[in-house]
Structures are given as structure tokens and as C-alpha cells.
Amino acid sequence: MGPICFLSDFGLADDFVGTCKGVVATIAPEAPVIDLTHEVPGFAIEAGAEILQHATRYMPADTIYLAVVDPGVGTGRRAVALRTGSGALMVGPDNGLLIPAAGSLGGIAEAVSLTRPEYQIQPVSSTFHGRDIFAPAAAHLHAGVELSRLGEDIEPETLVSLDLASLETEAYGTNIARIMDIDRYGNARLSILEEEADFDYGAALRVDAGDGEMPVRYVETFGTAKAGELVLVPDSHWRLSLAINKGSAAQALALKVGMEVRLTPEGGAGDGA
Amino acid sequence: MGPICFLSDFGLADDFVGTCKGVVATIAPEAPVIDLTHEVPGFAIEAGAEILQHATRYMPADTIYLAVVDPGVGTGRRAVALRTGSGALMVGPDNGLLIPAAGSLGGIAEAVSLTRPEYQIQPVSSTFHGRDIFAPAAAHLHAGVELSRLGEDIEPETLVSLDLASLETEAYGTNIARIMDIDRYGNARLSILEEEADFDYGAALRVDAGDGEMPVRYVETFGTAKAGELVLVPDSHWRLSLAINKGSAAQALALKVGMEVRLTPEGGAGDGA
Amino acid sequence: MGPICFLSDFGLADDFVGTCKGVVATIAPEAPVIDLTHEVPGFAIEAGAEILQHATRYMPADTIYLAVVDPGVGTGRRAVALRTGSGALMVGPDNGLLIPAAGSLGGIAEAVSLTRPEYQIQPVSSTFHGRDIFAPAAAHLHAGVELSRLGEDIEPETLVSLDLASLETEAYGTNIARIMDIDRYGNARLSILEEEADFDYGAALRVDAGDGEMPVRYVETFGTAKAGELVLVPDSHWRLSLAINKGSAAQALALKVGMEVRLTPEGGAGDGA
């Protein structure tokens with residue numbers, strides 16, 4: 001197997017990440033670990049899931065994903081490992097964190113619940129499953145242990161689901177996206193990926209965030225927008241953002257995280273309105 | 001030898017850690033480095049020693065510990081390397097930082113003072129021995145240089161000592177622990193490790209921080225405490241903490257760092273009081 | 001080739017660094033990556049160049065330097081790779097960032113513009129060339145691709161230059177240095193390196209920052225200065241700093257970043273004044 005790609009909300013101020021790497025090195029001394037980020041906002045499952053899904057585009061095909069954003073540690077939530085359709089492996093809590101990435105990696109081909117004590121660090125702490133359950137599982141997988149040996153088979157459809165996109169396409173080419181995030185400049189990051197958009201750079205669209213339509217132009221780079229112009233532009237994760245050059249899209253359109261936004265190409269459904 | 005486990009108070013804002021890794025890679029290109037943490041509070045020898053000791057439970061047996069929390073750099077304090085009873089190696093300043101971990105690794109079997117210029121980076125800076133003395137020593141050890149070649153033998157009993165625990169057990173099973181740390185929730189971390197406690201989960205105890213006794217219950221997880229209940233609970237380093245669910249133990253018991261705390265199981269010494 | 005030494009202003013809060021490492025691992029699975037620092041102040045080309053140049057003293061001779069401080073991303077600035085006289089390789093934007101380090105590594109022997117799409121990650125984002133152009137180039141070089149295959153040859157003299165030192169020596173041994181930085185203690189870091197100074201520890205000098213001369217002593221360590229004494233002392237990057245023990249040199253001499261400072265050994269030019 002390839003590297004272990006490690007994402008968490010542990011931060012780097014404490015020894016949590018380093019301790020997990022000690023566990024990995026003890027079980028699988030040759031396993032390289034790539035720190036994707038350890039600064040996922042605390043307990044923010046959806047933010048972690050988005051970063052993990054995006055990373056699947058840039059990591060080696062045989063990566064083992066080790067992801068720990070785990071507000072449910074110590075409760076009954078399952079600890080799981082997955083094999084994806086593409087052959088990548090994933091380890092983490094059963095809270096949806098792994099699901100969008102697994103979708104991008106060919107879906108879930110096999111899933112187990114991490115219940116075998118011999119593949120855990122004993123005693124298992126009630127608060128730090130990253131160290132005692134998840135890191136050892138990833139390391140054992142790197143060392144060649146079969147996924148099915150780590151615990152009981154579970155049905156993929158019983159896993160807690162998480163849908164980042166919630167993107168729908170209506171008649172006449174209207175895309176309904178959700179606002180995932182608004183940054184400090186007032187740019188609103190949408191749930192729609194560039195590749196999902198059925199319009200091209202330069203296209204004229206209308207955007208409706210619930211308060212009437214406004215014209216918006218789809219551009220490749222922010223630098224091509226005029227001052228004050230509302231544009232739709234891909235960010236470094238290839239998600240489309242609503243932005244105003246030298247202004248705040250969030251303020252101008254009264255945008256809030258979670259809102260639905262309708263994007264209609266000119267010539268589409270809303271034309272007659 | 002196994003990986004180099006690197007702990008410091010350098011932080012990650014500067015290039016100190018990266019420069020030390022360059023030195024290691026120059027001398028021992030194959031040596032993997034595990035960053036335990038570089039955010040030990042500045043010059044906090046005891047905090048660094050506690051993290052290092054805890055890490056010995058989770059690192060490979062053949063680890064080379066490289067630890068730099070070094071308020072005495074530029075003074076006469078010695079730079080040392082140790083071989084422990086378990087076979088692990090340690091490199092760092094002679095200020096107590098390595099001592100508790102060495103104790104957990106089977107004690108000190110051999111110690112040398114890092115005085116040989118040919119195993120240092122020349123010129124040796126007066127302020128950055130991490131780069132010029134400690135990192136090269138760890139790397140040379142990884143590359144197979146014998147410990148005794150790095151400098152003069154020294155008697156282990158001449159090393160500056162540091163006792164994290166200062167835990168005593170009195171008659172009738174009373175444990176006297178010290179408060180190492182109080183966190184922002186008012187939880188007080190004690191010097192006693194779970195494995196040193198001579199009572200089990202569910203046990204009823206009395207705690208005395210100098211101001212009279214209070215009942216306390218020893219629980220496995222904080223989640224089982226009732227609101228307002230004073231409990232004793234193991235943290236992720238397996239040290240026992242005094243905590244109040246939805247309250248502040250530090251405030252309720254007027255606790256301060258450094259205080260002694262007496263823990264007596266019900267049925268023990270204080271019963272007749 | 002040796003390790004990839006990676007410097008950027010990406011910070012560690014996001015997944016930028018981790019994503020670049022995924023790209024490297026995909027192309028060159030065996031390539032070790034040394035994080036020099038990712039906390040270069042945003043867009044601060046000169047600060048990054050200084051750190052990179054300093055690092056060349058401590059990295060393996062066959063290092064591949066990957067440096068990304070890139071305010072011009074998305075504009076016409078070139079992306080380049082260099083071979084130095086010492087055999088080290090460098091990858092980064094053509095904005096001067098690589099130039100001082102290249103100078104310390106024997107000068108530029110060969111330079112190419114990174115224009116070949118087959119050695120980039122497609123599609124190339126308009127904002128994140130670290131991931132799509134620079135990291136893949138460094139990885140392909142590690143994997144054995146010839147520098148000349150990555151793009152068109154360019155003349156080294158057409159590269160954007162950057163001169164950190166701007167150090168001049170006048171008659172009578174006066175060194176004219178520039179103030180690169182002033183820290184929170186009021187210490188002023190000069191552009192002069194210890195090895196460039198033509199005076200030794202203990203030397204008495206006169207310093208003139210534009211407002212008349214003051215005596216200053218050149219010392220090896222700050223600890224040997226008397227309270228209130230103005231000294232010149234080497235820092236961990238071997239640059240000379242003006243400092244006052246228990247005081248602020250910046251305040252006492254009205255120093256500002258960018259100012260020129262004249263240092264004259266006693267017995268030199270200014271003596272008759």
C-alpha cells in the first residue's frame with residue numbers, strides 16, 4: 001500500500017498527532033505519513049469531509065486515508081474501515097466523515113467495524129480513539145493485514161451518510177447549490193464543483209439566493225472581474241464561489257451559510273420572468 | 001535504529017525545526033523523523049519531560065529521542081546522550097528533560113557528554129545547540145556511531161534529576177499527588193498515573209487539598225459523571241484529573257498548580273474523622 | 001537526488017501543504033520531504049529568500065529546493081527550475097525568491113521555464129501553482145526527469161534578481177549594511193553575515209545609522225554584554241544584530257527597517273572625527 005494520508009482536528013499544539021505517528025511507526029515502520037491537515041475546525045465533520053474528498057484528486061491511488069474528526073468518541077458510534085472501488089482504504093469514525101471521499105474513490109466495496117482488540121492499542125482510552133483504534137488500524141492495513149480481519153463486516157448502507165453536495169438540477173438547466181462557507185472577504189463557497197457545472201467560462205447566468213435574480217458572470221480567475229462585478233469563480237478546491245471584486249458578495253446578496261442558491265444560465269428557465 | 005522522535009519548544013513559525021531536519025538528513029539520509037510536538041511552552045522543562053515520558057508508551061522500542069527544551073543554552077549545562085535499559089537512545093540538554101522518560105525506558109545504562117567537535121556542526125552557535133549539537137548527535141547515532149564515541153562517559157547519578165511524580169503513598173492507602181496543571185475548564189491534572197492508583201473505576205474516595213475532605217468518585221469517562229459531581233478521571237496521558245461536570249474543580253476546591261492533594265479510598269485512614 | 005526541502009507561505013491551517021505532498025508522493029513515492037517552514041509571512045519574497053539561503057548551509061548537497069512565495073501567481077511571472085553550480089536543484093516562481101540561495105549554492109548553471117503541460121497537474125489552477133506546477137516539477141526531478149525536459153531553456157541573467165545583502169565596504173574598512181528586520185525586543189538584524197565581517201569578537205567599532213556615531217562592541221553571545229551596552233552579536237542565521245542588553249537598540253538609535261547602517265572598526269576612517 002501507499003502512504004497514510006492523515007487528517008484530523010487535533011491541531012499541532014499538543015502531542016496527539018505525534019503520538020499517533022509513533023503508533024504507526026511501531027506497527028508499520030516503513031509507512032510514510034502525509035499530514036493533509038490537522039487544523040480542521042474542532043468536531044466539524046462536514047468541513048473535514050470536504051477536505052478529504054478534495055484530497056482524493058491529488059493523493060496516490062493506493063493511499064490509506066486516516067481521518068479523525070470525532071465528536072462521538074466515547075459514545076456508541078462505530079469505528080470503521082472501508083475499501084473503495086478504486087482500491088484505496090479508509091479508516092475513521094462512522095459519522096459521515098469518510099463518505100464523500102469514498103464516493104469520489106469509486107464507492108464503498110467493503111466495510112468493517114473495528115472491533116478486534118488485537119489490532120488496537122490496549123488499554124483503549126475512552127477519549128482518544130485516534131491513537132488506540134484508528135492509527136493502529138491504518139498501520140496494520142499498511143503492514144498487509146486484510147481489511148476483513150480488523151473486525152466484523154458491515155453493510156455499507158448502514159454507515160452514517162453525509163451529502164456534501166446537495167446539488168440538484170432542475171428543468172431548463174437551473175443548478176441549486178448550497179452555501180458551504182463564507183470567507184472573511186464575503187466570498188460564498190458553493191456546494192457545486194466546477195466539473196458539475198453545465199456552463200462554461202464566460203457564460204452569463206442569473207443567481208437567486210431567495211431575494212430575486214441578479215446577473216452573474218462565470219469567470220476562470222477573479223482577476224478578470226471588474227470592480228464591483230458579481231462573478232462566479234472556481235476556488236483552489238474547484239468549488240464555485242460567488243464573489244464581488246472589491247466588495248462583499250455575502251453583504252450584497254444577504255448570503256448565509258446553508259442557504260440555497262439557484263444558478264440559471266441565460267436562455268434557461270427564468271427567462272420569461 | 002528506529003525513528004528519531006523529536007520534541008522541542010521551537011514552534012513551527014520559524015525554520016528551526018526544518019533546519020534541524022536538514023542536519024539529520026545530511027548525516028543520516030534514511031532516518032525517519034517523528035515530530036512529537038514542537039509547541040512545548042517555551043523553556044518549560046517539566047511539561048516537556050511529561051510529554052516525552054508519556055510518548056515512550058507509543059514509540060517503537062528502538063527510537064532515538066531528540067528533545068530540546070533548553071533554557072540553559074550558552075551556559076555551562078552539559079549536552080548529553082543516554083542509552084536506556086530498554087535499548088532506546090536519548091539526546092538532549094542535561095537539565096532533567098530526559099530523566100522521567102529514561103526512567104520509563106528501563107533507566108539509564110550509559111551516559112556521555114556531547115563534547116566531540118567532529119560530531120557537531122561547526123561553528124557551534126551559542127544559542128542553537130538543537131541544530132549544532134543535538135540533531136547531529138541523534139543523526140550520528142542513527143547512522144551507527146557508538147554512543148561512547150560522541151564524548152566523555154559520565155556517571156548517570158551526576159545528571160540533573162527531575163521527578164515528575166512526587167507521588168507518595170501513606171499508610172491506609174492514601175495517595176499524595178501533586179497538581180501539575182489546571183486547564184481552562186478548571187480540571188486539575190494530578191501527578192498520579194492510572195496504573196499507580198490502588199483503586200478501581202467506580203471506587204468512592206475522599207480528596208483533601210488542604211481545606212478538608214470532600215467525596216470524589218473515580219470514573220472511567222467524564223460522561224458518566226452527574227452535573228455538579230466531583231470526579232477523578234484519567235486523561236489521554238493516563239494521568240488522573242479532578243473534574244466537576246458542568247463546573248470548575250479548581251474553583252470549588254481552591255486548587256492551584258503545585259498543591260499537594262491527598263486521595264484516600266473509603267474505608268482507608270481518614271474514616272474515623 | 002536527495003530530499004525535497006519545501007518552503008512556503010501557505011501556513012498549516014489549510015490543506016495546501018498536504019495536497020502538495022500528495023502530488024509529490026504520486027509522482028515520486030520515495031521522495032522524502034523536509035518542511036523548512038510554511039510560515040513565511042504572506043507574499044514576503046525577501047524573508048523567504050533569506051530563510052532559503054540560510055538553509056543551504058544545513059541541507060544535504062543533493063537537495064531539491066521547492067519554494068513557493070508567489071504574489072504574482074496568475075500573472076505573467078514565469079515558473080522556473082534551476083540547477084546550481086553545486087548540483088542542487090531549485091523550483092519556484094521567477095520573482096527573486098530562489099536567487100540568493102542559488103548564489104550560495106555555486107550560482108545558476110542551468111535554468112528552464114516550467115512550460116511543459118505533461119509535467120504539470122491538469123487542469124492548472126490559476127491560483128495554486130504550488131500544487132499544479134511547482135510540486136510536480138520537484139517530484140519529477142526527484143524521479144529522474146532531466147531539468148531540460150521540464151520546459152524551455154532560459155538565460156539565467158533574465159531571471160528576476162534579488163540582492164539580500166546590499167552590503168558595501170568602503171575605504172578604511174567601513175561596512176555599510178541594511179536593516180532587514182527589527183524584532184519585538186528592538187534588536188535590529190543587519191544584512192551583514194558574520195563571515196563577511198572584517199573584524200573579530202571583542203572588536204570595538206563605531207556605528208552610524210544616520211544620526212551620528214556611537215560605540216559598539218562585537219560579541220559572540222548576548223550574555224556577555226553589560227546592562228545598557230550596545231553590542232553587535234550574531235543570530236542563529238549568522239547575521240549580525242544590533243542589540244542593547246535590557247534595552248531597545250531600535251529605540252535608542254531610532255532604527256527602522258531598510259535603513260543603512262555604517263560599521264567602522266576603531267582605528268578606521270571615522271577616527272579623526
Side-chain angles (χ1 to χ4, degrees), chain A residues 1-13 17 30-41 47-48 50-67 88 181 183 187 193-195 201 219-225 233-239 241 243, chain C residues 3-4 6 8-39 42 66 68 70-77 119-140 142-143:
Chain A
M1 288 302 297
I4 293 173
C5 173
F6 188 9
L7 168 142
S8 77
D9 61 354
F10 296 159
L12 293 173
V17 170
E30 307 296 326
V33 177
I34 296 175
D35 295 299
L36 179 53
T37 179
H38 297 290
E39 304 285 355
V40 174
E50 197 279 328
I51 294 169
L52 200 67
Q53 179 184 37
H54 172 70
T56 60
R57 294 185 178 222
Y58 298 99
M59 294 289 151
D62 54 358
T63 293
I64 300 170
Y65 294 88
L66 167 61
D181 202 52
D183 72 15
N187 301 325
L193 288 165
E194 187 185 45
E195 65 200 23
Y201 293 140
V219 297
E220 184 173 4
T221 72
F222 197 67
T224 65
V233 60
D235 70 8
S236 75
H237 280 207
W238 303 106
R239 288 193 188 272
S241 283
Chain C
I4 294 173
F6 187 9
S8 77
D9 62 353
F10 296 159
L12 294 173
D14 294 298
D15 57 347
F16 301 131
V17 171
T19 304
C20 289
K21 290 180 179 176
V23 168
V24 168
T26 302
I27 296 167
E30 306 296 325
V33 178
I34 295 176
D35 295 298
L36 179 54
T37 179
H38 297 290
E39 304 285 354
L66 168 61
V68 191
D70 193 14
V73 65
T75 70
R77 73 97 188 85
Y119 297 112
Q120 302 171 347
I121 302 294
Q122 299 297 338
V124 172
S125 135
S126 57
T127 55
F128 193 6
H129 288 187
R131 177 189 67 196
D132 297 332
I133 296 180
F134 300 122
H140 282 297
H142 192 278

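Side-chain atoms are counted along with the backbone in the values below, which use heavy atoms only and exclude waters and symmetry mates. Protein chains get the first letters and strands the later ones, always in sequence-line order, with residue 1 at the start of each.
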Novice: Compare every heavy atom of C:Ala25 with every heavy atom of A:Ile34, then report the nearest pair and how far apart it is.
Specialist: CD1-CB, 3.7 Å
Novice: Identify which part of C:Pro32 has an atom lying under 4.5 Å from any heavy atom of chain A, answering side chain, backbone, both or neither.
Specialist: neither
Novice: Say you draw a straight line from CG of A:Asp35 to CG of C:Asp15; how long is it, rounded to the nearest 0.5 Å?
Specialist: 12.5 Å
Novice: Heavy-atom count around C:Gln122 CD within 6.0 Å, excluding the residue itself: above 12?
Specialist: yes
Novice: Non-hydrogen atoms of chain A under 4.5 Å away: do they reach the side chain of C:Asp132, the backbone, both or neither?
Specialist: side chain
Novice: Hey, what do you get for OG (C:Ser126) to CZ (A:Phe222), rounding to the nearest 0.5 Å?
Specialist: 11.5 Å
Novice: Could you check whether any side-chain N or O of C:Arg131 sits under 3.5 Å from a backbone N or O of A:Ser236, counting only pairs where one atom can act as donor and the other as acceptor?
Specialist: yes
Novice: With chain A as the partner, which of C:Thr19, C:Thr127, C:Thr75 has the greatest number of non-hydrogen pairs under 4.5 Å?
Specialist: C:Thr19
Novice: Is A:Leu12 in contact with chain C via its backbone, its side chain, both, or neither, using a 4.5 Å heavy-atom distance?
Specialist: side chain
Novice: Give the minimum heavy-atom separation between A:Tyr58 and C:Thr26, together with the two atoms involved.
Specialist: O-OG1, 3.2 Å
Novice: Which bit of C:Ile121 is near chain A, if near means a heavy-atom gap under 4.5 Å: side chain, backbone, both or neither?
Specialist: side chain
